[in-house]
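Working notes, structure below.
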Amino acid sequence: MELSFHTVMSQVMLGLNNGVFYAILSLGLAVIFGLLNIVNFVHGALYMLGAYVALLGYTMLGPLLGKPDFHLNYWAALVVAPLVVGLLGIGIERTMLRRLRKFDHLYGLLLTFGLALIIQGVFTNYFNVSGDAYDAKPEVLEGAVNLGFMLFPKYRLWVIVISLVVCFSTWFVIERTKLGSYLRAGTENPELVKAFGINVPLMITLTYGYGAALAAFAGVLAAPIYSVSPVMGSEMIITVFAVVVIGGMGSIMGAIITGLLLGMVEGFTKVVYAPASSTVIFLIMVLVLLIKPTGLFGKES
Amino acid sequence: MNRYAWIGLITLGLLAPYVVYPVFMMKLLCFALFALAFNLLLGYTGLLSFGHAAFFGGASYITGQLVKNSGLTPELGILGGTLFAALLGYVVGSLAIRRQGIYFAMVTLALAQIVYFIALKTPFTGGEDGLQGIPRGLLFGLVDLNRVYTVHGRPLGLNLYYFVFAVFCLGFWILHRTIHSPFGQVLKGIRENEPRAVSLGYKVDRFKLMAFVISAAMAGMAGATKSLVFQLASLTDVSWHTSGEVVLMTLLGGVGTVLGPLAGAFTVVSLESELSSVGSWITVIIGGTFVVCVLLFRRGFMGELARLLKRTL
């Protein structure tokens with residue numbers, strides 16, 4: 001095979017495009033894990049829900065409201081989907097996860113696994129497993145941009161840029177603002193933070209809601225690229241788990257960087273040896289477990 | 001559990017095919033063994049593996065190949081599948097025990113996904129089609145496992161049933177002996193307080209790994225047997241759905257109880273065969289059962305019963 005600079009770079013850029021999804025999702029997992037101490041198995045299903053809110057908002061919301069001409073456009077979906085799914089997340093936290101706080105963390109994993117099955121099962125019943133196309137990509141983002149070394153689809157470039165903005169603002173809020181310092185303190189010692197008069201339970205609820213909203217946001221971004229299908233979440237979540245094991249969930253920046261890097265590595269593998277591209281992240285996980293079991297950014301426990 | 005309870009259970013197992021549909025019973029026995037194997041890890045060692053389907057399904061492919069294409073007898077086929085699962089368990093276990101708690105679950109899930117991808121891609125496993133038409137063959141080269149007897153006008157494949165029942169009893173016995181041995185006591189010690197077990201001088205990682213290998217091997221034996229019963233080894237057997245299902249069976253029946261996994265497997269397998277008409281809604285029902293179980297019912301059937309009777313089951 002010819003390993004020209006162009007083919008490598010184009011695959012790496014496409015890989016970066018996947019990488020931003022890994023980054024947003026593993027960031028959400030890390031934020032939730034930090035404060036709630038649970039692995040949010042339902043994260044993939046929430047990502048899928050985000051994509052469906054966008055799709056159904058475009059195709060079905062109008063007829064449902066009796067106004068067949070009404071379509072929820074892409075930009076509105078980028079706001080509405082995270083809000084809807086974020087509220088759902090808040091509901092999940094308030095009604096279910098809260099009851100499990102005093103039990104083993106594994107129960108949180110099992111509960112969210114059950115929720116993931118429910119959501120995925122419901123959508124499998126009403127929608128095509130092979131997926132539906134989302135055609136509401138805004139015209140501004142049609143076409144390609146010349147990056148100097150390659151022509152890159154405008155939409156994908158937008159996805160990379162907006163995702164990086166979202167990731168780094170989340171990082172900034174958590175690591176550099178007062179609100180973030182409360183969050184981090186809550187991660188370290190919730191009882192002490194409560195004693196200072198900070199409403200920790202509310203903070204936990206909102207954090208979970210934000211994590212859910214992030215997943216939905218990624219889902220909307222993904223809708224025009226991948227086909228929207230009920231299994232898109234479960235395929236994603238297992239890879240993201242491997243990303244999280246590689247990076248370690250202790251660090252926000254670690255989650256972002258690991259996600260981006262692994263996306264690019266995956267893209268690069270597509271050029272070098274395509275059949276390995278679906279497993280390369282898992283193989284890297286094996287290597288990391290052998291060499292540095294705590295993960296690249298993990299702290300020694 | 002006293003002697004009478006054991007004799008009662010074995011009698012129940014021996015008489016079951018005359019009352020219940022034998023294929024249902026055999027499916028139940030395979031999944032019950034799978035859940036019992038899983039319970040050795042979750043219930044007695046405190047390790048949540050989310051990748052046990054890799055052993056169950058992996059062994060069923062190996063057994064299928066050995067019996068179908070290498071012409072081995074069924075008992076050797078199952079032995080081969082079990083050994084493969086033990087080996088795979090050694091590899092997965094060595095990697096997974098490097099992380100604890102929640103990470104352990106994620107690592108096992110991700111490693112099982114590698115097995116799934118391999119099963120999807122290689123011709124050895126038949127990809128999407130799986131291995132079909134696996135012959136049951138002659139047990140020890142003598143007893144025809146396909147033979148059907150007519151009992152009160154009903155055709156019953158008793159040879160196969162009693163073979164499956166014997167495999168199940170062997171597996172149950174091995175697991176029961178493991179749990180109630182000094183080795184099993186150390187595992188419980190690790191579950192209760194790992195740092196203390198370390199400070200008492202136990203090489204905790206070795207114990208965990210050994211438990212993992214035994215559990216994987218028995219899960220493999222269950223999968224291998226299943227491939228002979230249904231004459232099929234498919235992608236479903238290695239998928240994360242199957243890994244989740246065995247977690248549910250154990251949780252529902254009662255984590256860390258001897259009979260819990262049996263009760264859990266019975267519930268889930270009956271649910272699936274009773275509700276086969278609802279199609280993919282079954283995923284929703286399974287998921288709902290998970291949620292209800294975790295929220296309201298963490299001890300499971302046997303755990304709640306044990307609490308009511310104030311004794312261990």
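Here is the naming used below: chain letters follow the sequence lines, and residue numbers restart at 1 for every chain.
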Residue, of A:V245, A:N125, A:L110, that accumulates the most heavy atom pairs under 4.5 Å with chain B: A:N125
Nearest heavy-atom neighbours spanning B:V284 and A:V122: CG2-N, 3.5 Å
Close side-chain approach of A:F41 to B:L109, heavy-atom, < 4.5 Å: yes
A:L109 versus chain B, the contacting section by heavy-atom distance below 4.5 Å: side chain
Heavy atoms of other groups near A:M253 CE, more than 12 under 6.0 Å: yes
Minimum heavy-atom distance between A:L289 and B:R99, given as atom pair plus value: CD2-CG, 3.5 Å
Min side-chain heavy-atom separation A:Q120-B:H241 under 4.5 Å: yes
Straight-line distance of B:F117 CZ to A:L283 CG, nearest 0.5 Å: 10.5 Å
Neighbour count >12 (heavy atoms, 6.0 Å) for atom CZ, B:F297: yes
Residue A:D104 versus chain B: region with a heavy atom under 4.5 Å: neither
Which atom of A:S234 lies closest to which atom of B:W240, heavy atoms considered: CB-CZ2, 3.3 Å
Over all atoms of both residues, closest heavy-atom pair of B:M106 and A:V244: CE-CG1, 3.9 Å
Chain A contact via B:L248 - side chain, backbone, both or neither, heavy atoms under 4.5 Å: neither
From CG (B:L47) to CG (A:L106), nearest 0.5 Å: 9.5 Å
Nearest non-hydrogen partners of B:V294 and A:Y107, listed with the distance: CG1-O, 3.6 Å
Interface residue of largest heavy-atom contact number with chain B, from A:V39, A:T239, A:N37, under 4.5 Å: A:V39
A:I118 versus B:G287, closest heavy-atom pair with distance: CG1-C, 3.6 Å
Ring centroid separation B:F50 to A:F113 under 6.0 Å: yes
Gap separating the CZ atom of A:F103 from the CZ atom of B:R298, nearest 0.5 angstrom: 3.5 Å
Within 6.0 angstrom of B:F266 CZ, more than 12 heavy atoms from elsewhere: no
Region of A:Y126 in contact with chain B, defined by heavy-atom distances below 4.5 Å: side chain
Rounded distance (nearest 0.5 Å) linking atom CG of A:L111 with atom CG of B:L295: 5.0 Å
Which portion of A:M96 sits near chain B, non-hydrogen atoms under 4.5 angstrom: both
Heavy-atom side-chain proximity of A:F33 to B:I102 below 4.5 angstrom: yes
Heavy-atom proximity to chain A below 4.5 Å, by part of B:V247: side chain
Passing option when A:V286 is tested against B:L111, B:V107, B:V92 for side-chain contact (heavy atoms from CB on, under 4.5 Å): B:L111
Chain B contacts, top residue of A:T124, A:L290, A:L115 (heavy-atom pairs, under 4.5 Å): A:L290
Over 12 non-hydrogen atoms of neighbours within 6.0 angstrom of CZ in A:F127: yes
Residue A:L100 versus chain B: region with a heavy atom under 4.5 Å: side chain
